[in-house]
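Take this structure, written in structure tokens, and hold onto it; I'll ask about it next.
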There are 2 protein chains.
Amino acid sequence: MLPEPYDLLPTTALSPQSVAAGDVLFRQGTRTRGLYVLKSGRVHLERVGPNGERLIIHRAGPGTSFAEASVFSERYHCDAIIMDAGELVRIDKSAVLAAFGNPDFARAYACLAAQQVQAHRQIMEIVGIRRAEDRVMAGIVAGFLDGTVVDFAVRLQLTQETTYRALRALVEAGRVINPSRGTYRLA
Amino acid sequence: MLPEPYDLLPTTALSPQSVAAGDVLFRQGTRTRGLYVLKSGRVHLERVGPNGERLIIHRAGPGTSFAEASVFSERYHCDAIIMDAGELVRIDKSAVLAAFGNPDFARAYACLAAQQVQAHRQIMEIVGIRRAEDRVMAGIVAGFLDGTVVDFAVRLQLTQETTYRALRALVEAGRVINPSRGTYRLA
DNA sequence: GGCAACATATGATCGAAGTCATATTCTAGA
DNA sequence: TCTAGAATATGACTTCGATCATATGTTGCC
């Protein structure tokens, strides 16, 4: 099943495909065919700078969509390169454009987009906190410590080691409790 | 004039207002009235954690909108506090919801939202680069060094000093040229 | 059960980015 | 024109997060 709001589209708009590591999904400058939903694997979006510098624009992970803006553009503005093999679904550009005629789809799309923007803004604020201890605390308050500490550290743009040390410091300061190995909660 | 796509809305949906530093625009838990476009001044969006920790969710600057997700929510999920006095426009929630019945508005909204998401992803990738020199280089390639170096440094989540030093190092390495005081370009 | 892979956890060391200080140049405005 | 404030620029010092290393605990799988 596709994530909202793309579950509202007819199946004729969807092209599932398997990809292998190293495959190039699309290239900067080629005609846009639509956006993609990644079911499994990893994809890098890269842009080539004026002097040939390769700049990673985005690293897409399982369960996320990418190249959404291509729906509103004639050409792709970056390369999409498969890092780890996986399954993905291409969603046809014209079908999405047509779907905006359906107010339910439009509202569902806008709702998700607004939430994404809000989430990004929040992560940027948190990542902007310099002290690891404050950053980790903010991350916990924001509810980011749901999975493993390793994933949490990645979200905070910190190393695991620094994250563990910050967690311990917060526990020692009484601001966080550590009821069992690997689980942390606000005090 | 309002930024796209809100310029497509009828003026009856808009409520301009002046605000002073310290004013509270809305509080977490109060009924949503709509989103805001900030013409001048500065606004902080803050959420209060379970134990009373104040967490800045977003700092809105001139020319940007905020609380977009409130259009799809019954209650505000954060406080909006005016940091610097300015002018803003409230955009009525029901008018926006109704406007999604207009495919042109829906497409314009989605186009802008998709671009915003893409821009956020890119900034997050760049901010995730640890070495200041690499980060500054990526920032230049991405075209972020359009205004002052100070603004550039803020966007990169680096201090001005580190940014200046990285710029100098890049100039010395021949990767960037510094035709005149305060101007830098790719070599 | 036993093993491999991974998450948790912490110590030691180093380097890079932050902080503080200061000087110069530029600009806007009284 | 003079001045206040901001941007540019760089030096000295410190700190904190990254890196490398290592050990233990946990989980899934053959």
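Chain A is the first sequence line, chain B the second, and so forth, proteins listed ahead of strands; every chain is numbered from 1. Reckoned from all heavy atoms, side chains included, excluding hydrogens, waters and symmetry mates.
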So does B/Arg131 get a side-chain nitrogen or oxygen closer than 4.0 Å to the phosphate oxygens (OP1/OP2) of C/dA17?
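No, outside the criterion.
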Quick one: B/Asp134 CG to D/dA18 P, roughly how many Å, whole number?
15 Å
Is A/Thr159 near enough to D/dA18 that one of its side-chain N or O atoms lies under 4.0 angstrom from OP1 or OP2?
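Answer is yes, contact under 4.0 Å.
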Looking at side-chain heavy atoms only, is the closest gap between B/Leu2 and B/Ile91 below 4.5 Å?
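They are in side-chain contact.
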Which protein N or O atoms sit under 3.5 Å from an N or O of nucleotides 3-5 of chain D?
none

Answer yes or no: is there a donor N or O on one side and an acceptor on the other, between the side chain of B/Ser40 and the main chain of B/Pro62, under 3.5 Å?
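No, B/Ser40 side chain to B/Pro62 backbone: no donor-acceptor pair under 3.5 Å.
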In degrees rounded to 10°, what angle is found between the helical axes fit to the five outermost pairs at each end of the helix from C/dG1-D/dC30 to C/dA30-D/dT1?
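Axis-to-axis angle, ends of the helix: 50°.
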Using modelled atom types and a 3.5 Å cut-off, is there a donor and acceptor pairing between side-chain atoms of B/Glu125 and backbone atoms of A/Arg59?
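Yes, because the side chain of B/Glu125 sits within donor-acceptor range (under 3.5 Å) of the backbone of A/Arg59.
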Count I, L, V, M, F, W, Y as connected when their side-chain heavy atoms are under 4.5 Å apart, and connections chain through other members. Are A/Phe152 and A/Tyr184 then in the same cluster?
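The answer is yes; both residues are in one hydrophobic cluster.
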Protein within reach of the bases, or only the backbone? For nucleotides 4-11 of chain C, mark each nucleotide 5' to 3' as B, S or -, using heavy atoms under 4.0 Å.
---BBSBB
If I take atom CG in residue B/Leu145 and atom P in nucleotide D/dA7, what distance separates them, rounded to the nearest angstrom?
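Taking CG of B/Leu145 and P of D/dA7, I get 14 Å after rounding.
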Report the distance from atom CD1 of A/Ile129 to atom C1' of C/dG18, rounded to the nearest whole Å.
16 Å
Within residues 76-86 of chain A or reaching into it, pairs that qualify as salt bridge (Lys or Arg N to Asp or Glu O under 4.0 Å) - sequence neighbours excluded
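Sorted result for residues 76-86 of chain A: A/Arg27-A/Asp79, A/Arg42-A/Asp84.
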Assert yes or no for the condition that the ring centre distance of A/Phe100 to A/Tyr109 is strictly below 6.0 Å.
yes
Rounding to an integer number of Å, can you tell me how far A/Leu158 CG sits from C/dA17 C1'?
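Distance, rounded to whole Å: 14 Å.
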Under 3.5 Å, side chain of B/Arg121 to main-chain N/O of A/Ala60, donor-acceptor pair present?
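No.
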Do the side chains of A/Ile123 and A/Phe144 get nearer than 4.5 Å, heavy atoms only?
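The answer is yes; the side chains approach within 4.5 Å.
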Can you find a heavy atom in the side chain of A/Thr32 that is under 4.5 Å from one in the side chain of A/Phe72?
no
Who pairs with B/Thr30 by side-chain hydrogen bond (donor to acceptor under 3.5 Å, both in side chains), at least two apart in sequence or on another chain?
none
Could you pull out all donor-acceptor pairs under 3.5 Å where a side-chain atom in residues 166-174 of chain A meets a protein atom, sequence neighbours excluded?
unit_1, atom_1, unit_2, atom_2, d
A/Arg168, NH1, A/Glu172, OE2, 3.1

